[in-house]
Number of protein chains: 2
Amino acid sequence: MTQGEPPSRTPRSRPTMREVAALAGVAIKTVSRVVNGVPTVDPAIAARVREAADKLGYRPNLTASSLRRGDGRTATVGMLVEDAANPFSAALTRTVENVARGRGSLVLVGSLDEDPARERELAQALIDRRVDGLVIVPAGRDHSYLISEQRSGTCMVFVDREPSLLDADAVVSDNRQGSVTAIEHLLKSGHRRIAYLGDQVTISTAAQRFDGYRHALELAHIEYDAEIVRHVGSSESAAIAATEELLALPDAPTALFTSQNFVTIGAVRALRALGLQDTVAHVGFDDFPLADILSPGISVIAQDIERLGRTAAEMLFRRLDGDESPTSTVTVPTRLIERGSGEITAAGPVG
Amino acid sequence: MTQGEPPSRTPRSRPTMREVAALAGVAIKTVSRVVNGVPTVDPAIAARVREAADKLGYRPNLTASSLRRGDGRTATVGMLVEDAANPFSAALTRTVENVARGRGSLVLVGSLDEDPARERELAQALIDRRVDGLVIVPAGRDHSYLISEQRSGTCMVFVDREPSLLDADAVVSDNRQGSVTAIEHLLKSGHRRIAYLGDQVTISTAAQRFDGYRHALELAHIEYDAEIVRHVGSSESAAIAATEELLALPDAPTALFTSQNFVTIGAVRALRALGLQDTVAHVGFDDFPLADILSPGISVIAQDIERLGRTAAEMLFRRLDGDESPTSTVTVPTRLIERGSGEITAAGPVG
DNA sequence: TCCCGGTCAGTCAACGTTGTCTCAGCGTGG
DNA sequence: CCACGCTGAGACAACGTTGACTGACCGGGA
């Protein structure tokens, strides 16, 4: 731990337009015009103003500006995700940030940790700061508390999960079809006993993915067996335990479908611990870093996170630009990535 | 794509204290008092005000409030990271968010992508929005542009990399010592020819880590050989190419030290492609998800990201609380995690 | 010469809120 | 019975900025 000077001797407050105006010998309004690039200012005066501003280290106060301006825009959007630290949320945030940057906006982030109360709290906190719009990966199942905000003119777009009890734009992955694709892929390799391991079905995406699983089995005339279906949370440890249980069954599954990131990783760990990674087929929903480097590589149904985020942000800004069309839900397709684990045949390892 | 109603029939603007006051039949100031929980309000009147506020869906305008308030605080802090999507930045952001939440603050994030111009731009954008403070993982090598902001009372803390040409608080990992630990660990397994693969040394952390590498060799009386040292960028592909080159040398290294996340992953890929993952020892700087699940597991020098972020945020808030002590740089220790790859002996695989 | 239109800087009020001050009303004690 | 202090609500101005308007000045056409 090294030491230096105190960070500021004279913590005098920030210069305002008033001070710039005084130094340049003009009216405040003229400073305002120069700062905002209004062309009807004499170039000589404008130069004097800019010089004064630079000298004082003047920076416009956007909060004051947004308060006074007609539209009240703050050039800030709010983003509520599950957890800013997890790869899905982080990638989504980054994409939204990119679109926002193109519009001169910054992003305020908040992590919900699957807590509906926190969702409400943070949404309110964002609204209190008068963000121009909200991008939400919701935690709760009741968004009616946002109706009044929507009426008051706050734009909002839901991502990954659709809103409940609220009519709002949304962008979601085609979860059901993704699951169907996964199961059909496993069926192709001769599997008939395919276990399902997923998040709690109270989470809508988990419900949709589970629904896809059942639907695909039905199409293949395979009877649904609740014994090889587990709705664990989204924790790795729960997934590990469940995987071990499933594989210890007398009539153990020959293939695994895991419908969420952490569940997939838990299953991978369990399979490797049991030495079954080359014996039991496995397809996961959601891609994850380094899935390709494992052996076997983990086959996944990948979501197009970049497209989810970009679409959501673009919808939001379109609304901010005055788009009054009916709300819509955009479905983004998923993609099967074959890496080895999903291509293990019912008889044993591939090749 | 499904359809619904337009999101808001009457986009009337948000109710203000004035309207609440009118409905409750009191003065605006009284509404202000109720909203701010000032106790000297008649309970009956307070109840009437609250009722009116609820009825109108009133939400305080924090931007107006912060403008008027004496301290001008916005309850918002700015966070500039390398890339909100990468695991290090994401984890750091989340930690800062957690501390901020405890203080009623939200976090505005911006990604710099190692671009100094972007750093300046975004720092200005955050300051224009009057964030209370800044947490910065800097991209540039000249932070003098922040001196005037600091003088104007904006608090700032640097993380991961120290500020240049600016006197400010910082929290960094003990990069040099981390490297020394890594190299000494490899030496212990009998390695004498240890390659270095890292980011450009213009990045201060890379320089420090490289410095640790050289220092450790010196301590062990091993001559430095520039031939087995590569300063590639932080891209996986460049790291793959460099690793392949190194291992194709006539006098190839028996161990690899990679000083950055993506470089480590590139090296892992290259080693596996060459089938040398069990032959060439490898220690990486920075932990990464699933490093433990590979075979062999990748031994790393792990940074304590949680502590970096928490310490930085706490320093920031201490400054905001009026701490005027001299600036300081806190060094956070790193930790060696043995997982297999770093324990391969010079003769061949361990065990 | 005068008037008119155009150009461009300045004045004033307002955005939504809160700090400061005022003042009405009440109870208390001399 | 009155002066006094206290409680609690309202009036007013101000935070830093911008929208709407005003008004000074200039050049050109009648």
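First the proteins, then the strands, lettered A, B, ... as listed; each starts at 1. Owing to the predicted nature of the structure, the values given are computational and were not obtained by experimental measurement.
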Whether [X] contacts [N] is assessed here as follows: a side-chain N or O lying under 4.0 Å from the phosphate OP1 or OP2. Is that the case?
X: A:Thr30; N: C:dA9; result: no
X: B:Arg68; N: D:dA14; result: no
X: B:Asn36; N: C:dT18; result: yes

Grab the [atom1]-[atom2] distance between [X] and [N] for me, whole Å please.
X: B:Asp71; N: D:dA14; atom1: CG; atom2: C1'; result: 15 Å
X: A:Arg69; N: C:dG16; atom1: CZ; atom2: C1'; result: 17 Å
X: B:Asp42; N: C:dA24; atom1: CG; atom2: P; result: 19 Å
X: B:Lys29; N: D:dA11; atom1: NZ; atom2: P; result: 13 Å
X: B:Met17; N: D:dA14; atom1: CE; atom2: P; result: 20 Å
X: B:Arg73; N: C:dT17; atom1: CZ; atom2: P; result: 21 Å

Regarding [X] and [Y], is there a side-chain donor-to-acceptor distance under 3.5 Å anywhere?
X: B:Asp167; Y: B:Thr327; value: yes
X: B:Ser65; Y: B:Arg69; value: yes
X: B:Thr95; Y: B:Asn98; value: no
X: A:Asp132; Y: A:Thr74; value: yes
X: B:Thr154; Y: A:Arg14; value: yes
X: A:Ser111; Y: A:Glu82; value: no

Does [X] reach a base, just sugar-phosphate, or nothing at all? Heavy atoms under 4.0 Å.
X: A:Val26; result: sugar-phosphate
X: A:Ala64; result: base
X: B:Leu62; result: nothing
X: B:Ile28; result: base
X: B:Thr16; result: sugar-phosphate

(request) Specify the residue among A:Asn61 and B:Gly25 whose closest nucleotide of DNA chain D lies further upstream toward the 5′ end. (result)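 Looking at DNA chain D, the more 5' nearest nucleotide goes with B:Gly25.
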(message) Quick check: on DNA chain D, is the nucleotide nearest B:Arg130 upstream (toward 5') of the one nearest B:Pro43, or the reverse? Name the residue that is more 5'.
(response)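 Nearest-nucleotide comparison on DNA chain D picks B:Pro43.
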With the side chain of [X] defined as its heavy atoms from C-beta on, choose the nearest nucleotide among [options].
X: B:Val41; options: D:dA11, D:dA9, D:dT17; value: D:dA9
X: A:Leu67; options: D:dG16, C:dT11, C:dT17; value: D:dG16
X: B:Ile45; options: D:dA9, D:dG19, C:dT18; value: D:dA9

(message) On DNA chain C, compare the nucleotides closest to A:Thr40 and B:Ser65; which residue's is nearer the 5' end?
(response)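 Whichever sits nearer the 5' end wins; that is A:Thr40.
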(request) Could you check B:Arg59 against B:Arg33 and say which one's nearest nucleotide on DNA chain C is further toward the 5' end? (result)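 Its nucleotide being nearer the 5' end, the pick is B:Arg59.
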